[in-house]
Amino acid sequence: MPELPEVEVTRRSFAQHIRGARILDARAGLPLRWPLGLDPRQLAGMTVQDVDRRGKYLLLQLDQGVLLMHLGMSGSLSFRGDLPPPGRHDHFDLVTTQGTLRLNDPRRFGAVVWSADLQTDPAQKLLASLGTEPLGDAFDPAAFHARLRTRRAPIKQVLLAGDVVVGVGNIYASEALFLAGIRPTTRADRLSRARADRLHAAIREVLGRAVERGGSTLRNFSNAAGESGHFQAEASVYGRAGQPCLRCATPLRQIRQGQRSTFFCPVCQRA
DNA sequence: CTATGGACCTGAATGC
DNA sequence: TGCATTCAGGTCCATA
């Protein structure tokens with residue numbers, strides 16, 4: 001479900017509602033990717049000051065530390081006043097004076113981690129090697145190209161790795177490369193400055209548009225208020241193997257890169 | 001240091 | 001119908 005646009009859309013859907021809330025209680029279900037780092041009950045009494053995002057992490061800024069949340073592959077958040085009892089895949093509840101934030105995550109690749117201080121804690125490691133924010137001012141074509149020139153792996157895998165630029169997941173990587181006219185298997189260090197520029201623009205375009213549209217919905221993405229997004233109808237190549245390219249009608253191809261599916265047009269993305 | 005494959009976990013879809 | 005296999009939007013870790 002969640003690449004950067006889905007995480008950002010989720011953030012926007014509940015940030016203003018939870019801001020300023022006092023935590024009344026918290027409850028953890030089955031283990032997630034990492035331990036919470038404290039007894040959930042100890043969160044009671046803390047205040048949620050703001051909700052930020054770094055890459056695909058949400059950062060709930062508390063008056064005592066920060067709560068990092070990651071949605072993994074299958075996670076989603078809901079925020080509402082009255083909540084039914086936790087279901088089979090509800091693995092974290094944050095009960096506040098303004099509503100309850102609930103993480104549902106069937107595969108449990110997601111995480112909720114409390115850190116007293118991101119500067120010094122072990123949790124800092126999670127954010128330490130993240131790349132540039134693609135929608136921010138710091139995402140600069142020249143610097144992007146310079147970073148790509150140090151990598152010999154296929155460009156698709158470099159995008160997914162997240163240490164050059166964050167937030168580009170498996171769907172949007174294929175979409176951005178299609179938009180830029182770049183073959184996903186091309187070595188990152190072989191991209192000219194001009195082609196790196198096109199990719200830079202394509203990444204911003206694809207992610208920015210998805211945020212505006214409310215996140216993708218290849219399966220069932222919905223924000224924390226339960227509203228679903230519309231990106232599915234807009235995928236140009238992802239999930240369309242064998243179907244005609246929207247630009248040239250050539251049948252789209254699907255390949256495997258690092259055990260992930262990649263989709264591209266063999267004509268529009270020649271190199 | 002970089003690159004690659006395996007690991008984590010559940011559920012849906014597909015194949016025989 | 002039943003059972004096995006494959007695949008799924010992420011990313012850390014061990015190994016080469």
Side-chain angles (χ1 to χ4, degrees), chain A residues 1-10 29-35 53-58 68-77 87-92 103-113 122-131 146-177 184-190 203 206-207 210-211 213-223 228-242 254-263:
Chain A
M1 231 189 272
E3 299 185 32
L4 182 147
E6 291 74 33
V7 176
E8 176 61 16
V9 166
T10 297
L30 290 177
L32 295 164
R33 174 120 197 209
W34 298 292
R53 180 187 54 75
R54 177 73 178 101
K56 297 170 190 165
Y57 287 91
L58 288 176
L68 278 74
M69 309 188 84
H70 197 289
L71 303 182
M73 289 274 256
S74 57
S76 62
L77 289 173
R88 184 161 149 62
H89 299 304
D90 293 328
H91 300 303
F92 185 80
L103 173 67
N104 180 279
D105 186 3
R107 294 178 71 179
R108 290 190 283 125
F109 290 168
V112 182
V113 177
Q124 141 189 68
K125 237 177 30 165
L126 299 175
L127 307 180
S129 56
L130 293 184
R147 290 296 310 278
L148 293 184
R149 294 199 57 177
T150 70
R151 309 291 289 269
R152 278 163 290 184
I155 182 61
K156 158 82 174 338
Q157 290 177 254
V158 172
L159 291 180
L160 277 190
D163 51 351
V164 173
V165 56
V166 293
V168 184
N170 204 42
I171 294 177
Y172 298 111
S174 283
E175 293 297 314
L177 287 165
T185 49
T186 300
R187 277 171 49 156
D189 63 353
R190 305 276 264 282
I203 289 168
V206 165
L207 296 182
V211 171
R213 298 304 176 87
S216 95
T217 164
L218 258 206
R219 285 238 161 88
N220 269 335
F221 171 74
S222 61
N223 66 27
S228 60
H230 313 283
F231 192 79
Q232 176 176 35
E234 312 208 2
S236 296
V237 290
Y238 188 86
R240 300 192 61 238
Q254 175 174 7
I255 59 174
R256 253 5 234 175
Q257 291 183 286
Q259 13 269 46
R260 313 297 301 279
S261 285
T262 302
F263 300 84

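Order of the sequence lines sets the chain letters (A, B, ...), proteins ahead of strands, with each chain counted from 1.
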Give one of base, sugar-phosphate or nothing for [X], where a contact means two heavy atoms less than 4.0 Å apart.
X	answer
A:Gly169	sugar-phosphate
A:Arg187	nothing
A:Arg260	base
A:Arg33	base

Can you check whether [X] has a side-chain N or O nearer than 4.0 Å to OP1 or OP2 of [N]?
X	N	answer
A:Ser261	C:dA8	yes
A:His89	B:dT10	no
A:Arg152	B:dC1	no

Within the modelled atom types, does a donor on one side and an acceptor on the other bring the side chain of A:Arg108 and the base of B:dT10 under 3.5 Å apart?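 In this structure, the two groups form no donor-acceptor pair.
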
A:Arg151 (side chain) and B:dA3 (base): donor-acceptor pair under 3.5 Å: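 It does not, because no donor-acceptor pair links the side chain of A:Arg151 to the base of B:dA3 below 3.5 Å.
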
Would you please determine if the base of B:dC9 is stacked by A:Phe109, with stacking meaning a centroid separation under 5.5 angstrom and planes under 30 degrees?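 Per 5.5 Å and 30° rule: no stacking.
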
Mate of B:dA3 where both pairing distances stay under 3.5 Å, Watson-Crick or G-U: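 Answer to the pairing question: C:dT15, which forms a Watson-Crick or G-U pair with B:dA3.
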
Need to verify one output field. Residue with the more 5' nearest nucleotide on DNA chain C, A:Gln254 or A:Leu130?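 Looking at the nearest nucleotide for each, A:Gln254 comes out on the 5' side.
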
Given [options], which nucleotide is nearest the side-chain atoms of [X]?
X	options	answer
A:Gln259	B:dG5, B:dT4, B:dC9	B:dG5
A:Met73	B:dG6, C:dG10, B:dT2	C:dG10
A:Arg88	C:dC7, C:dG10, B:dT10	B:dT10

Among all residues two or more places apart in sequence or in another chain, which pass the salt bridge (charged side-chain N to carboxylate O under 4.0 Å, His left out) test with A:Arg190?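 Residues passing salt bridge (charged side-chain N to carboxylate O under 4.0 Å, His left out) with A:Arg190: none at all.
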
Looking at every heavy atom in both A:Glu175 and A:Val237, which two are closest together, and how far apart are they?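 For A:Glu175 versus A:Val237, the nearest heavy atoms are OE2-N, 3.0 Å.
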
Of all the heavy-atom pairs spanning A:Pro184 and A:Pro154, show the shortest one and how long it is.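 Heavy-atom minimum between the residues: O-CB, 3.6 Å.
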
Tell me yes or no: between the side chains of A:Thr262 and A:Arg256, is some donor less than 3.5 Å from an acceptor?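 No, A:Arg256 and A:Thr262 have no side-chain donor paired with an acceptor closer than 3.5 Å.
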
Would you say the side-chain atoms of A:Asp105 and A:Ser74 include a donor-acceptor pair closer than 3.5 Å?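 A:Ser74 and A:Asp105 do have a side-chain donor-acceptor pair below 3.5 Å.
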
What is the distance from NE2 of A:His70 to P of B:dC8, rounded to the nearest Å?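 About 19 Å, once rounded to whole Å.
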
